[in-house]
Amino acid sequence: MGEFHVMDHPLIQHKLSIIRDKNCGTREFREVVNEIASLMVFEVARDMPLKDVEVETPEGTAHAKKLAGKKVAVVPILRAGIGMVDGVLDLIPTAKVGHIGMYRDEKTFQPHEYFLKLPSDIGERQIFVVDPMLATGGSAIMALDALKKHGANPKNIKFVCLVAAPEGVKAVQKAEPDVDIYAAALDDHLDHGYIVPGLGDAGDRLFGTK
Ligand SMILES: O=P(O)(O)OC[C@H]1O[C@H](OP(=O)(O)OP(=O)(O)O)[C@H](O)[C@@H]1O
Ligand SMILES: O=c1cc[nH]c(=O)[nH]1
Ligand SMILES: [Mg+2]
C-alpha cells in the first residue's frame, strides 16, 4: 500500500489556515497555494538521487553533492492543480509540465477526463501529480490511471494535495498501491462530495469563477 504523509510543518499549517478562511480573496488564495506547494515539494523531493562532485571553491576542493539528473515532471490535474505548478517550478525549474484535464459531474461526482498532454518521455521521469483537493479520490485515480496508460512508472509517481478526505486517501491507496500521497491536512469527512471542513471549491477560489 502507498504511504500517506501529512506534512505538519508549522509554515505549511500556518499558510493552510490562511486559505481555509472563507474571507481569503482570490489573489491571496492563489499566492498562498503556490507557497504551500513549494514548501511541500521541498520535503516530497527528499529522496531525489544525488551524485558526488568535486567543486573548486576559492579556498580549495569541496566534496559536494549535486542532483543526479533524474528528470522530473509536474502534472497538475486541471483546473485547480494549475494553482500549485509555479510553486513546484520555483524549486525544480527544469521540470517539464504535463496536464490532465478532469472535472467532476456535479451530481454524481464521477470524474470526466477532457484533456491530456504529457512529456513524451514520461516513463523516465519522477512525477509529482498536484491537485489541491483529494475528496472521493475519483479524479486522482483516473489521472493516475491515465499516466500509467501513457507509460508512467507508478513507482515514480507521488501525489501531492493540500487537503485530503479519509475516503479519498483510502480509495487511492487501494487503487494505486505504488503511489505515495502527501497532504497538508487530513480532514474529517465528505458532505455531498465536498471536504469538511476543507476549503470549499479550490478551482473556483483560485480562478474567481464563483
Ligand atoms: O477526489 P474527487 O472527488 O475526484 O474530487 C477532487 C477533484 O475535484 C476538484 O476538481 P473539479 O472537478 O472541481 O474541477 P476544477 O478543478 O476544474 O474546479 C479538485 O480540484 C479535484 O480535481
Ligand atoms: O471540497 C472539495 C472537493 C472537491 N473539490 C474541491 O474543490 N473541493
Ligand atoms: Mg472545482
Side-chain angles (χ1 to χ4, degrees), residues 1-8 12-37 40 75-85 87 99-116 128-149 157-177 179-210:
M1 192 195 285
E3 291 173 11
F4 174 60
H5 305 266
V6 175
M7 309 187 79
D8 58 359
I12 293 176
Q13 294 306 310
H14 175 79
K15 288 177 190 295
L16 183 62
S17 80
I18 294 172
I19 56 168
R20 281 195 193 270
D21 187 336
K22 64 182 180 191
N23 295 314
C24 174
T26 301
R27 180 181 170 182
E28 189 179 22
F29 192 91
R30 227 180 253 151
E31 209 171 276
V32 177
V33 165
N34 270 315
E35 288 172 2
I36 299 174
M40 289 186 76
V75 179
I77 301 178
L78 312 185
R79 289 173 302 164
I82 291 174
M84 299 172 70
V85 171
H99 294 86
I100 301 182
M102 203 82 80
Y103 73 89
R104 294 195 312 173
D105 181 280
E106 281 183 9
K107 291 202 176 73
T108 65
F109 309 119
Q110 287 304 306
H112 295 270
E113 185 183 318
Y114 59 85
F115 185 78
L116 185 135
F128 301 124
V129 178
V130 295
D131 189 334
M133 310 307 277
L134 175 59
T136 67
S139 305
I141 292 168
M142 193 175 263
L144 294 166
D145 284 347
L147 276 164
K148 289 191 293 188
K149 204 172 99 194
I157 305 177
K158 294 174 193 267
F159 186 85
V160 186
C161 60
L162 303 189
V163 183
E167 294 90 331
V169 174
K170 211 168 144 193
V172 173
Q173 283 182 320
K174 184 160 182 240
E176 314 286 349
V179 176
D180 291 341
I181 305 166
Y182 296 80
L186 176 65
D187 273 13
D188 296 341
H189 63 280
L190 292 176
D191 182 19
H192 296 93
Y194 276 80
I195 302 176
V196 181
L199 45 76
D201 189 304
D204 283 340
R205 295 197 66 191
L206 273 165
F207 298 111
T209 43
K210 188 108 185 160

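For this chain, numbers begin at 1 and follow the sequence in order.
- Across all non-hydrogen atoms, the minimal contact from L186 to A165 is CD1-C, 3.9 Å.
- Here CD1 of I77 is found 4.5 Å from CZ of F159. Values are rounded to the nearest 0.5 Å.
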Worked verdict on D201 versus M133 for side-chain contact (heavy atoms from CB on, under 4.5 Å):
CA-CA 9 Å; D201 189 304; M133 310 307 277; over 6 Å; no
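- Counting heavy atoms from C-beta on, the side chains of L190 and I195 come closer than 4.5 Å.
- Here the shortest heavy-atom pairing between V33 and G83 reads CG1-O, 3.3 Å.
- Put simply, the side chain of E167 never gets that close to the backbone of T136: no donor and acceptor are under 3.5 Å apart.
- Here the shortest heavy-atom pairing between M84 and V160 reads CE-O, 3.7 Å.
- Counting heavy atoms from C-beta on, the side chains of L206 and R30 come closer than 4.5 Å.
- Rounding to the nearest 0.5 Å places CD of E176 at 3.5 Å from NZ of K148.
- Between the side chain of D180 and the backbone N or O of E3, at least one donor-acceptor pair lies under 3.5 Å.
- Closest heavy-atom contact between A185 and R20: CB-NH2, 3.3 Å.
- Checked by atom type and distance alone, the side chain of R104 never pairs as donor or acceptor with a backbone atom of H112 at under 3.5 Å.
- Paired with P132 under the rule side chain to side chain contact (heavy atoms under 4.5 Å, CB included), one option of L162, V163, L199 passes, and it is L162.
- The line from CD of E28 to NZ of K15 is 9.5 Å long, rounded to the nearest 0.5 Å.
- Annotation: side chain of V129 is not in contact with side chain of V179 (no heavy-atom distance under 4.5 Å).
- Summarising the geometry, atom CG belonging to L144 is positioned 5.5 Å from atom CD1 belonging to I157; distances are rounded to the nearest 0.5 Å.
- The closest side-chain heavy-atom distance from D145 to E113 is not below 4.5 Å.
- Atom CG of residue L116 and atom CG of residue L147 lie 7.0 Å apart, to the nearest 0.5 angstrom.
- Considering every non-hydrogen atom in both D21 and N23, the closest pair reads OD1-N, 2.8 Å.
- Atoms CD1 and NE2, on I18 and H14 in that order, are 4.0 Å from each other to the nearest 0.5 Å.
- Within the 3.5 Å criterion, the main-chain N or O of A184 finds a donor-acceptor partner in the side chain of Q13.
- Counting heavy atoms from C-beta outward, V172 and F4 have side chains that stay 4.5 Å or more apart.
- Considering only heavy atoms from C-beta on, R79 stays 4.5 Å or farther from Y103 through its side chain.
- Closest approach of V169 and A164 over heavy atoms only: CG2-CB, 3.7 Å.
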